[in-house]
Amino acid sequence: MRIPIQSVTPETGSAEIVGWVHEVRDLGGLAFFLIRDRTGIIQVTIPKKKASETVLSAVKEVSRESVVRVSGVVKAIDKAPGGRELVPDTFQIISKSDSPMPLDVVEKVPAELDTRLDSRFLDARRPRVSAVFQVRSAVMHATSDFLFSRDFINISTPKIVAAATEGGTELFPIAYFEKEAFLNQSPQLYKQMMMAAGFEKVFEIGPIFRAEEHNTTKHLNEATSIDIEVSFADHLDVMQLLEDLIIRIYSQVGDKCQGALDNLEIRDFEVPKAPFPRLCYADAIEIAQKKISDPIEYGDDIGSAAERAIGEEMGTHYFIVDWPTAIRPYYAMPCEDDPAICKAFDLMHPRMELSSGAQRVHQHDLLVSQIQSKGLNPDNFEFYLTPFRYGMPPHAGWGLGAERLVMTMLGLPNVREAVLFPRDRHRLVP
RNA sequence: GCCCAGGUAGUGUAGCGGCCUAUCAUGUCUGCCUGUCACGCAGACGACUCGGAUUCGAAUUCCGACCUGGGCGCCA
């Protein structure tokens, strides 16, 4: 019976393992094989004088990264990695690997990200890569656990939509039988419609599509968005929820992913401390003006140089609040006492933006006038606007970029490292 | 969309008009090796993105194409 490599200890006695041939060191009369499965690596030691013919012939034939089944006696040896090694009675080749390989799994020679992504299945055999996706999985698990524990309902909304509803970003057009359609940039409008349906608290974790021709380390054309919407809540309520969620996610990763963090050589993993500072937009602009040479003034978008400068000053997760209504989407609620400011916020990591959200406009007529003031035509929004005429509760929500969350959590240099099969300006395969 | 930098063995690199029959590492193959842990030693194998041009001579210069990385813009 096969057991996971991690659970083979000096006390195991005898064991059968299956895994990939990670490395071979043949000293002549003695050969060492490192066998890897997703739980770890064990050394298999073959004293050639004592080994059986079948073991010897398998050892001679096997290539690196082949899949093998090995069974034998576990010996406690200080000199071996993990303090134990397996001396095989049987050594069976289950699936042989060709050579040369498109990239070096052991990483004696580094490979460029592009080469790695071309052979992602091999790249992901490397413990430090698989660790990223173990952490990502834990992030997703913690997120849905947290939201379910707060009585959220999980929803799934269409990714194929009829029109460019939200404005802002470019959309991917697709052929939908005899009609034109698009891949959705955000579940925003659908989440809001479910507020009209009385679901009160919804979340969706799903893909979003942006057809921007950017070429940077923090943008993807297909990304994963963690989206929530809450009725009878304002922006402050959902900011608190977001802060609680981020802390919960970090805590869970810290508790449950120690092995993965070790593989990533992250020794100083820290859970961010609550409360996250809240910086008003006007002050953020002032900080940027002091720290960067590019001209920036009140009313401008915060570009990447400004984003970095402000992040450096803050040094931790923080919110930017009190945004000018003019530079936020039409569905952001203007403040009652000063409609030039709205109840929108961004959650920032020192490196970049992670999330943006707002209390939404729930009054039909105000929403129509805000759509018009953005230069959009309300007639194109009928499916979205109609629910606002039949008892739309006040509500607020946010969207959080899953890849950016994982990227900033693990200090990854490129957002593509946080996606198995990234879609960017040039990459459509695999 | 704009700008910059690149494309050399499977992988990562050096070379930047003649010292190139192209460096080094890793890999693969062969031989030697009983405690390796980036095992070691010896030998072999394997590459200048494509098309034009300049030149006595081009991996190296020029033009074009294709591909890639990054920055900016926009965007989350």
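In what follows, every chain begins at residue 1, and chains take the letters A, B, ... in the order their sequences are listed.
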Can you tell me, in whole Å, how much space there is between the P of B/rC16 and that of B/rG6?
14 Å
Flag the pair A/R84 and A/E11 as a salt bridge only when some basic side-chain nitrogen lies within less than 4.0 angstrom of an acidic carboxylate oxygen.
no
Quickly work out the A/E23 CD to B/rU26 P distance and round it to whole Å.
12 Å
Between C1' on B/rU11 and CD on A/E65, what's the gap in Å once rounded to a whole number?
14 Å
Would you indicate, yes or no, if B/rG70 has its OP1 or OP2 atom less than 4.0 angstrom from a side-chain nitrogen or oxygen of A/R416?
yes
Atom of A/L171, atom of A/L183 and distance for their closest heavy-atom approach:
CD2-O, 3.2 Å
Answer with base, sugar-phosphate or nothing: what part of the nucleic acid does A/A80 contact at a heavy-atom distance below 4.0 Å?
base
Distance check: side-chain N/O of A/T217 vs OP1/OP2 of B/rG71, anything under 4.0 Å?
yes
Answer yes or no: side-chain N or O of A/D104 and base N or O of B/rG27 forming a donor-acceptor pair under 3.5 Å.
no
Any idea which of B/rG12, B/rC75, B/rG35 is nearest the A/V109 side chain?
B/rG12
Distance below 4.0 Å between A/K108 side-chain N/O and B/rG27 OP1 or OP2:
yes
Base, sugar-phosphate, or nothing for A/L113, non-hydrogen atoms under 4.0 angstrom?
nothing
How about A/H317 and A/Y250: are their ring centres within less than 6.0 Å of each other?
yes
Rounding to the closest angstrom, what is the interatomic distance between B/rG27 and B/rU54 at atom P?
45 Å
Does a side-chain N or O of A/N414 approach OP1 or OP2 of B/rG70 to a distance below 4.0 Å, or not?
yes
Indicate, yes or no, whether a donor-acceptor pair under 3.5 Å links the base of B/rG73 to the side chain of A/E212.
no
base_contact_polar (B/rU11 base, A/E112 side chain, donor-acceptor, <3.5 Å)
no
Regarding A/K48, tell me which of base, sugar-phosphate or nothing describes its non-hydrogen contacts under 4.0 Å with the strands shown.
nothing
Per atom distances to the A/L27 side chain, the nearest of B/rU28, B/rC75, B/rU34 is B/rU34
When you check the phosphate oxygens OP1 and OP2 of B/rC67, does a side-chain N or O of A/R425 lie under 4.0 Å from one of them?
no
Using atom CZ of A/R308 as one end and atom C1' of B/rC72 as the other, report the distance to the nearest whole Å.
10 Å
If you look at every strand shown and take non-hydrogen atoms under 4.0 Å, does A/D26 touch a base, only sugar-phosphate, or nothing?
base
Applying a 3.5 Å limit to both distances, which nucleotide forms a Watson-Crick or G-U wobble pair with B/rG18?
B/rC56
Distance check, C1' atoms only: B/rC74 and B/rA5, in whole angstrom units.
22 Å
Proximity to the side chain of A/H214 - top-ranked nucleotide from B/rU36, B/rG69, B/rC74:
B/rC74
Take the protein atom CZ of A/R126 and the nucleotide atom C1' of B/rA38, then report the distance between them rounded to whole Å.
15 Å
Distance, C1' atom - from B/rC75 to B/rA59, rounded to whole angstrom:
41 Å
Do NZ/NE/NH1/NH2 and the carboxylate oxygens of A/R328 and A/D346 come within less than 4.0 Å?
yes
Shortest side-chain distance from A/H219, nucleotide among B/rG69, B/rG12, B/rC74:
B/rC74
Would you call A/E313 and A/K290 a salt bridge, using N to O less than 4.0 angstrom?
no
Of all the choices, B/rU11, B/rG27, B/rC37, which nucleotide is nearest to the side chain of A/R64 once you look at every atom?
B/rG27
Hey, are A/T224 and A/R136 close enough side-chain-wise for a donor-acceptor pair under 3.5 Å?
yes
For A/I93 and A/V68, work out which heavy atoms get closest and say how close.
CA-CG1, 4.2 Å
Grab the CD-P distance between A/E107 and B/rG12 for me, whole Å please.
11 Å
C1' atoms of B/rC66 and B/rC56, separation to the nearest Å
32 Å
For A/R328, answer base if it contacts any base atom (sugar-phosphate contacts may also be present), sugar-phosphate if it contacts only those atoms, and nothing otherwise; contact means non-hydrogen atoms under 4.0 Å.
nothing
Provide, to the nearest angstrom, the distance between the CD atom belonging to A/E213 and the C1' atom belonging to B/rC72.
14 Å
Using a cut-off of less than 4.0 Å, is there contact between a side-chain N or O of A/T216 and OP1 or OP2 of B/rG70?
no
Choosing from B/rU34, B/rU11, B/rG1, which nucleotide comes nearest the side chain of A/T115?
B/rU11
Counting any heavy atom closer than 4.0 Å, what does A/P81 reach on the DNA or RNA strands: base, sugar-phosphate only, or nothing?
base
Among B/rG12, B/rG70, B/rU36, which is the nearest nucleotide to the side chain of A/A111?
B/rG12
Between B/rU28 and B/rG70, how far apart are the two C1' atoms, rounded to whole Å?
34 Å
Can you tell which of A/R125, A/R126, A/K96 makes a salt bridge (Lys or Arg N to Asp or Glu O under 4.0 Å) with A/E65?
A/R125
Which sits closer to the 5' end of RNA chain B, A/E85 or A/V24, going by the nucleotide each is nearest to?
A/E85
Please, which pairs that meet side-chain hydrogen bond (donor to acceptor under 3.5 Å, both in side chains) have at least one residue in residues 416-430 of chain A, sequence neighbours excluded?
A/D114-A/R427, A/R116-A/E417, A/D118-A/R427, A/N414-A/R416, A/R416-A/D424
Need the pair for B/rG69. Rule: Watson-Crick or G-U wobble, both distances under 3.5 Å, any strand; none if unpaired.
B/rC4
So what does A/D114 touch, heavy atoms closer than 4.0 Å: a base, only the sugar-phosphate, or nothing?
sugar-phosphate
Distance between the C1' atoms of B/rU34 and B/rG40, in whole angstroms?
14 Å
What's A/Q43 touching, base or sugar-phosphate or nothing? Going by heavy atoms closer than 4.0 Å.
base
Whole Å only: how far is the CG atom of A/L171 from the P atom of B/rC75?
13 Å
Considering just the side-chain nitrogens and oxygens of A/S304, establish if one lies under 4.0 Å of OP1 or OP2 belonging to B/rG73.
yes
If each of A/P102 and A/I77 is mapped to the nucleotide of RNA chain B with the nearest heavy atom, which maps nearer the 5' terminus, i.e. the 5' end?
A/P102
Roughly how far apart, to the nearest Å, are B/rG64 and B/rG46 at atom P?
36 Å
